Each structure stands twice: as structure tokens, then as C-alpha cells.
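One structure is given here, and the rest of the page talks about it.
Please read all numbers here as calculations on a predicted model, not as lab measurements. Here is how names work: the chains are called A, B, and so on, in the same order as the sequence lines, proteins then strands, and each is numbered from 1.
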Amino acid sequence: MLKRPHYIALGVVILFTFALIKLPTRAAGNLKLAIGGVFLPLFGMAGSLGDFAENSSYSLLSRRELIRQLQWQHKTNQLSQLYFRQAEEWKRENERLRDYFNIQRQYPFKPKMARVVARDPVNWWKTITIDRGSRDGVLTNAAVVTPEGLVGRVSGVSYAQSQVVLVGDPDCRVSVLVGEDKSREQGVIAPASSSPLDHALVDLSYLSRNSKLIPGQIVVTSGMGGVFPKGIVVGQIADFRSMGYGLYKEAQVRLAVNMNRLEEVFVLMP
Amino acid sequence: MNWFNTITILVVAYLAVFAQATINEFRHLLGVQLDLIPSLVVYAALSGGVLNFTIVAMCGGLWMDSLSANPLGVSLLPLFLVGLVIHQFRELILRQQPFAQFILGAGATAAAPLLTLVLLMNTQVQPLLGWFSLWQWIAMSVIGGAVTPLWFFAFEHIGETFSYRPLNETSFRSDRQIKRGR
């Protein structure tokens, strides 16, 4: 039999829990970010320790190794400049043609680098925390990418940090395109139904039954919905099957980004 | 209530939640993220009163939810219920035995996520669950159980180091000693 203090504590905790769960989404989000702020000193300390370890490892590199790396960077830089000039020329050509055919111009996103400071401590979500927040101009729903491809979208922003929901989480569905230029099929990326906790595979659903899929085809964002810019690589078709007695197709997509090894990402700022 | 004990458990809970969010070795190795808070609630429920484990469950739950995509507050009630059950039967538990501590820790680490999922199913969110979740649940419970005796050991040593220990007084007085001689 419970004693009186037990009943009082139980009542207080039940009331408190339901009051928090029933809070409006915006208020709950703000409160969550405020409580999460208590970890900022620890995140800062962990970041400083990481930087210190990294800088210490540089001091151990030999002069010969540094010169070799510098020469390699110099060559890569020259090649990048060549590609950049070519891309600038294509951009100008693209803008001229868009003006000529009266098509609205696409404004490029400015990528801002962020460091992954934490992962979701619970097993049933796929989210990460990055060290960029509203002070850096990060906005909710901004796309997050790496050079390999799409990572996810910003789901919550505090002053110094943001929470990013990864591709494959039920809260991050992405409209994508697959196939050749003329016969591109549109579908939606959703968590993998067979293995939802696998970070490498996701499902591509809502594909028409006539879609011509080949394993290895590249899947890119369609730009629909306004969250993700068009053309960001999501992954490759790994497998596909007919569903609903052949009424539609579903494919498995192997993600281009290894979500388990994320260290640095880019937030696309408008 | 022993405030030193409560504050020590809270500091460890704070560090444990931070470690769960930043240390990913277990996730890479076993595909499982550890849950250390239920085992701390077990210790809090056996080492103090109602307020002791209530504070630990509330702070631990809020900190966990703040760093995860869980709706805020969803972990509080499960952690509190685990503490309440253990506290209710604390006189029947052999709390000094490491095996009993292991079983309690494993049971608490198994029960807390299950109760959280029950609450989550009643909200509008849809957690990612599959057959692999069963493996995660078993591994989490075993690791949670293994960690619990370590908490007991560590907190008892911290308590012994920092708390006041009364000096044992004897009835022997050197000035009243009878010296036998020839």
C-alpha cells in the first residue's frame, strides 16, 4: 500500500508530465531548447578538448609530410579553380537562358559549416545536434548536407545549437526524383519498413508501376515542398519490388551519406 | 533527506545524459545507445526517500528529452514509476547484494523504455521500431543491469569520503588504567 507522500509525488509527476506533453508545439520546443541549454558548457568543453587534441596531432606531423600535403592541396586548388571558372560560365549562360525564356532564376544557397556535437540519446529517433544556432542565422527547415549528399533538415533552433532530423526519420520525408532526364519518376523517401533502424537504407515509395528502375540509379531531391533545393544527391537504388498486386512500385535506397560517421555538415542558408 | 547524496546523483545523471548523447562507441559497436538514467533511479530509490528519486527521475527525464526528439516530459513518468515500485518494496530487497542490484538495474532499464513507448504511442509521434529494437532493448537492459552495482560501489565510496563519520568511543580511559607490578 502506498503512503501519503508517494501519492502526492505520483500526482505531481502525472500532472507535470501531462502539462508538458500537452504544451503547444512552439512552447514545448522553446522549453526543450532552454532545458538543453544546461549542456552548453559541457558541449563547449568537449569542443575545446577536441580542438586541442587535433592541434596537438598537427604538431607531430613531419616537415616532409606537411610539404607533401601542401603540394597536393595546391594542385587540388588549381583544379578546383578551373572547375569554378567553368561553373561560373555555365551559371551565366543558365541565367541568360532563363531570362530569355522567362523562367524564374534560382538563387544559390550559402553553405555554412557546422560540427555535429551530439546524437539522439534515445534509440528510436534519428536526430543530431549541431553547433550552429539562431546567432549564426540558421532557420528551421533549412536543408543540411555533406559533400556526399543529403543529411536532413533543421527541426529546432536555439541560440547556439540546432537539432537536425536525419533522412530516414519519420519526421523527415523527402520528395525525390529517380531515373534518366526525360523519364524521371517522382517518389517520396520514408523510413525503411523492413529495417527502420538501419541508418544506410530507406524506402522510396509512391512510384508508378511503369517506372523503369535499375539498381545503382542515382536518387536526387526534386525541390518540391520548398524545404530541400533541387538536385541534391540522396542515394542510389539498391533494390525494388512491385507492391499492391502490381499497382505501384517501391524501392530501397542506399543513402549516399554514412549517417553513423557524421562529424561536419553544411547548413544551406538562403 | 541526505542532500549531498541527492546532489551527487544529479551531477552523475547530468554527466550520464551528456555521455549518452556524445559517446557513440556503443552505437557503432552494438547498434545500441545506452540508457544509464533508470539504473541511477534504482540507486536513488534505495538510498533515500520519495523526494530523492522523484528529483532524479524528473531532472534525468527532462534532460534526456531535451537532447532527443522525444516530446518533452515523456520520460518523466516511466522513470518515476520505476523508482516508486522499487522504493515501495525496498525493505524486501537485498540491496547490498550485487546480483540483486544487477536484476533491479536490468529490470528498471527494461521497464522505463517500454513505459515511455506506451506513452509515445498515445501521442501524435511515431517512433522508429522494428525487430532490431528487440535486440536494442535486451542489450540496453543487460548493460543497465551491469552498470547498477558500479553505481552502488561508486556512490558508497563517495559518501564515505565526503560525509561525516562518527568516532567510535570506547569505555577505556588511559588515566584510569591499573598497572600491575611487583
* To do: Side chain from CB out, backbone as N, CA, C, O: work out which of these in Met64(B) comes under 4.5 Å of a heavy atom of chain A, or both, or neither.
  => both
* Residue Val165(A) versus chain B: region with a heavy atom under 4.5 Å -> neither
* Asked: Of the backbone (N, CA, C, O) and the side chain (C-beta and beyond), which part of Leu34(B) lies under 4.5 Å from a heavy atom of chain A, both, or neither?
  -> backbone
* Using heavy atoms and a sub-4.5 Å threshold, report which of residues 110-118 of chain B line up against chain A, by residue number. => Pro113(B), Thr116(B), Leu117(B)
* Structure fact -> Heaviest contributor of heavy-atom pairs below 4.5 Å to chain A, chosen from Val50(B), Val125(B), Leu67(B), is Leu67(B)
* Can you say whether Phe18(B) sits under 4.5 Å from chain A via the side chain, the backbone, both, or neither, judging by heavy atoms? -> both
* Asked: Which region of Ile128(A), side chain (C-beta onward) or backbone (N, CA, C, O), has a non-hydrogen atom less than 4.5 Å from a non-hydrogen atom of chain B, or is it both or neither?
  -> neither
* **Atom group of Ala34(A) that falls short of 4.5 Å from chain B, counting heavy atoms** => neither
* Got a second to check how far Leu62(B)'s CG is from Phe16(A)'s CZ, nearest 0.5 Å? -> 5.5 Å
* Give me the contact list for residues 254-266 of chain A versus chain B, heavy atoms only, anything under 4.5 Å, ordered by residue number. => Asn260(A), Arg261(A)
* Output the distance between atom CD1 (Ile14(A)) and atom CG (Leu81(B)), rounded to the nearest 0.5 Å. => 7.0 Å
* To do: On the 0 to 90° scale, with breaks at 30° and 60°, tag the Tyr14(B)-Phe39(A) ring pair as parallel, tilted or perpendicular.
  => parallel
* Asked: Where on Gln33(B) is there a heavy atom nearer than 4.5 Å to chain A: the side chain, the backbone, both, or neither?
  -> both
* Smallest separation among heavy atoms of Ile35(A) and Ser66(B), with atom names -> CG2-CB, 3.8 Å
* **Asn70(B) and Trp124(A): side chain donor to acceptor below 3.5 Å** => yes
* Asked: Do the side chains of Pro170(A) and Leu128(B) get nearer than 4.5 Å, heavy atoms only?
  -> yes
* chain A contacts, top residue of Asp35(B), Thr123(B), Thr54(B), Leu84(B) (heavy-atom pairs, under 4.5 Å) -> Leu84(B)
* To do: Can you measure from CD1 (Ile8(A)) to CG (Leu51(B)) and round to the nearest 0.5 angstrom?
  => 11.0 Å
* To do: With a 4.5 Å cut-off on heavy-atom pairs, point out which of Ala21(B), Gly73(B), Pro71(B) contacts chain A the most.
  => Ala21(B)
* **Atom pair CE (Met58(B)) and OG1 (Thr17(A)), whose distance is rounded to the nearest 0.5 Å** => 7.0 Å
* Asked: Is a side-chain N or O of Asp120(A) found less than 3.5 angstrom from the main chain of Ala69(B), in a donor-acceptor match?
  -> yes
